[in-house]
2 protein chains.
Amino acid sequence: MRVYLDNNATTLVDPQVTACMEPFQTQVYGNPNSLHAFGSESHIDLNNAMEKIYAGIHAPKSDSIIITSCATESNNWVLKSIYFDYIMSGRKDHIIISEVEHPSIIAGARFLEKLGVKVTYLPINSEGIVTAQSVRDNITPKTALVSVMWANNETGAIFPVEEIGEICKEHDVLFHTDAVQAIGKIPVDVQSLNVDYLTFSAHKFHGPKGVGALYMKKGKELTPLLHGGEHMAGLRSGTLNVAGIIGMGKAMELAIDCLDFEMPDVEELRDKLEDALLKIKDTFVVTPREKRTRNTMLISFRGVEGESMLWDLNKAGIGASTGSACASVDLEANPVMEAIGADDDLAHTAIRFSLSRFTTEEEIDYTIGVVHEAVERLRGISSSYAYTPKNHESAL
Amino acid sequence: MRVYLDNNATTLVDPQVTACMEPFQTQVYGNPNSLHAFGSESHIDLNNAMEKIYAGIHAPKSDSIIITSCATESNNWVLKSIYFDYIMSGRKDHIIISEVEHPSIIAGARFLEKLGVKVTYLPINSEGIVTAQSVRDNITPKTALVSVMWANNETGAIFPVEEIGEICKEHDVLFHTDAVQAIGKIPVDVQSLNVDYLTFSAHKFHGPKGVGALYMKKGKELTPLLHGGEHMAGLRSGTLNVAGIIGMGKAMELAIDCLDFEMPDVEELRDKLEDALLKIKDTFVVTPREKRTRNTMLISFRGVEGESMLWDLNKAGIGASTGSACASVDLEANPVMEAIGADDDLAHTAIRFSLSRFTTEEEIDYTIGVVHEAVERLRGISSSYAYTPKNHESAL
């Protein structure tokens, strides 16, 4: 059996999405900027797709959603253009992000530090959450931007973006949120809170890879990251990825439709998996269930190194991860585990399971069995776990 | 009949390319950065695709080809990172580009001017070509970069990149070329000349939209434009567009295969069209044929406004353009026509026909008939053309 439980890294493209995209490669292939019919014949479908994307985050037409190539581009755009538009002139000199932002925000902020920008990295609390109070405590008159994600990729922890947005508004500070892990999992309504910029990406909600977006509130336009022609109102140049945009539109429509109907089932399956795994002793889940997205669980089995567990899971056909795919090749300790103050042993034991609407109960039942066996096997050969005599009792 | 003659704007995706891409949406969909089999199962195909891309431009393995989202991203990356890496420190303060670069280079350079960078815009000569001498004349000890395209999008004019590369080497100046219009039309061998950075894009050679690349010579790495995880050796972050990269690989392989076998046919058809249209009096083609890419012709019919001609062509099912699709919505005079010193009347009359390996002789014969009729009709109602009594003779 093959079981894909790494949907926070990327997702299967919904076959309905690929079906929508297909005509826009070999049949309707014109450049939408061209004046002839080969160019204009995609306009209605492009407009429909954009309407679905606007509707998906409840953005009014007066605001802008600019299609990019990925969330990493959207995040880099915000950071770098805030630098050019607000910091380079000397007006402001400070930004605030959290310690657990996506690598594109962390690495972007480190780059800005080299340019002289002051960066505050907010810690998470023991529940894995960035508090609104920590934002308030760190804003200064020179703060240009707060960038805090909506939902965490590792734990699924939902951050208090509504309160953070209010605090930013109160202090006249721009607020960006990376909502990559929120779209399709929880309702995202840009009108329900004060948010100036919001990042998302199609491949996290069963759309194609290579298509992201940046929402911008009316009046909050940024210097382009990609200068050029007049594409996307001059804000992001480059020939439109027609098939990709149409795919993102369909994926957004399906994701929103599933919020009410399929996501409760996903949550039920996640809870079934979690309940069964928590029966294994010395096992911990980060962030209380009600404060998480419905598909995600970051779980630690004391004495079981994350990579070893991944290996056993992989041999059994199950795909999970020790953390963000964007940082997975370097085999470092999970940054969230470090941030919540886990000891060294525990910091290397976290495994993330992230489900999707394509996950079945049969797959979850199978996974439960495989994990139980893996924990028993790995604790049996674990040097760190064996040191405590009480652990020599059955691991289950 | 529908005839697509706007292949310099974008191209039909070759059905062989879409067939290669298809499994990488709903079947092999893992994030290649993930450690499990869902992630690694695309690695062989990704490597094969990258090998085809390297082979396509004769890049040695020790050099880097970084996949981006489009040529506009690649071009912006070069300009902005040259700024951060060489200019911001005060070491250098000057770049040289041509007046007829793609809008992403022109607009990028204008942005750098706002940051204090000095930019020289090289003119083209009466053949539509940037001379190597003009590059030599403008290099100063403070010049950081020369960016001159390999082949022009409007006229097909092939620029003397080999000589320009030599001059740059002589003066220790970095050389970037936008080769978007060269790949698949003429041989591109990065080892045959001195080039540090080279831009290209899949959708210009029957690959998918949304996938570009930047070649970098060994030792000439740039600060990333998109910071983040460790994708692409840390030089360009963002989840890999797996299907897109595999599509680009296949498209490159086909394009190179066609250089010897199909491009001569394309050239023959282009020449047939050109010979037939030049029989219309008061008609001019920019750039001598032997100095152009094989698929392109920029032709002016005195007294016939470009947009009117496009309209007539479009009604007959033919897609052509007045210039770059990236600048087509603003209906300005063709910049190349302006640059070669055409008078105001002529500057608005240019029509670009760009063929591909999918163009048929039947389509060209049909187009010849339609253009002849259109010129006759439009000159008949042209105010500018009618002023000269001699023009009242038959327009043909």
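Note on naming: letters A, B, ... go to the chains in the order of the sequence lines (proteins, then strands), and numbering restarts at 1 for each one.
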At a heavy-atom distance under 4.5 Å, which candidate from A:G210, A:G319, A:G317 has the highest pair count against chain B?
A:G319
Between [options], which shows the greatest number of heavy-atom pairs under 4.5 Å with chain A?
{"options": "B:G244, B:A243, B:G30, B:P208", "value": "B:G30"}
{"options": "B:V3, B:V211, B:I105", "value": "B:V3"}
{"options": "B:N241, B:T10, B:L12, B:V17", "value": "B:L12"}
{"options": "B:F24, B:F111, B:F38", "value": "B:F38"}
{"options": "B:T18, B:T11, B:V13", "value": "B:V13"}

Indicate yes or no: at least one non-hydrogen side-chain atom of [X] is less than 4.5 angstrom from one of [Y].
{"X": "A:E22", "Y": "B:E22", "value": "no"}
{"X": "A:H36", "Y": "B:L313", "value": "no"}
{"X": "A:L115", "Y": "B:M88", "value": "yes"}
{"X": "B:S104", "Y": "A:H227", "value": "no"}
{"X": "B:K209", "Y": "A:L240", "value": "no"}

For a quick test of reading the model, state the closest non-hydrogen atom pair linking [X] to [Y] and the distance between them.
{"X": "A:K80", "Y": "B:L225", "answer": "NZ-O, 2.6 Å"}
{"X": "A:C70", "Y": "B:G238", "answer": "SG-CA, 4.1 Å"}
{"X": "A:A107", "Y": "B:G228", "answer": "CB-N, 3.6 Å"}

Contact part of [X] toward chain B, heavy-atom cut-off under 4.5 Å: side chain, backbone, both or neither?
{"X": "A:R2", "answer": "both"}
{"X": "A:T26", "answer": "both"}
{"X": "A:H206", "answer": "neither"}
{"X": "A:S201", "answer": "neither"}
{"X": "A:A320", "answer": "backbone"}
{"X": "A:N76", "answer": "side chain"}
{"X": "A:V28", "answer": "neither"}
{"X": "A:L226", "answer": "both"}

Take the angle between the ring planes of B:Y4 and A:Y29 and call it parallel below 30°, perpendicular above 60°, tilted in between.
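Correct class here is perpendicular.
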Rounded at 0.5 Å granularity, tell me how far CZ in A:R236 sits from OG in B:S69.
4.0 Å
Straight-line distance of B:S34 OG to A:L310 CG, nearest 0.5 Å
9.5 Å
Taking A:N314 for the side chain and B:A37 for the main chain, is one N or O donor matched with an acceptor at less than 3.5 Å?
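A pair under 3.5 Å: yes.
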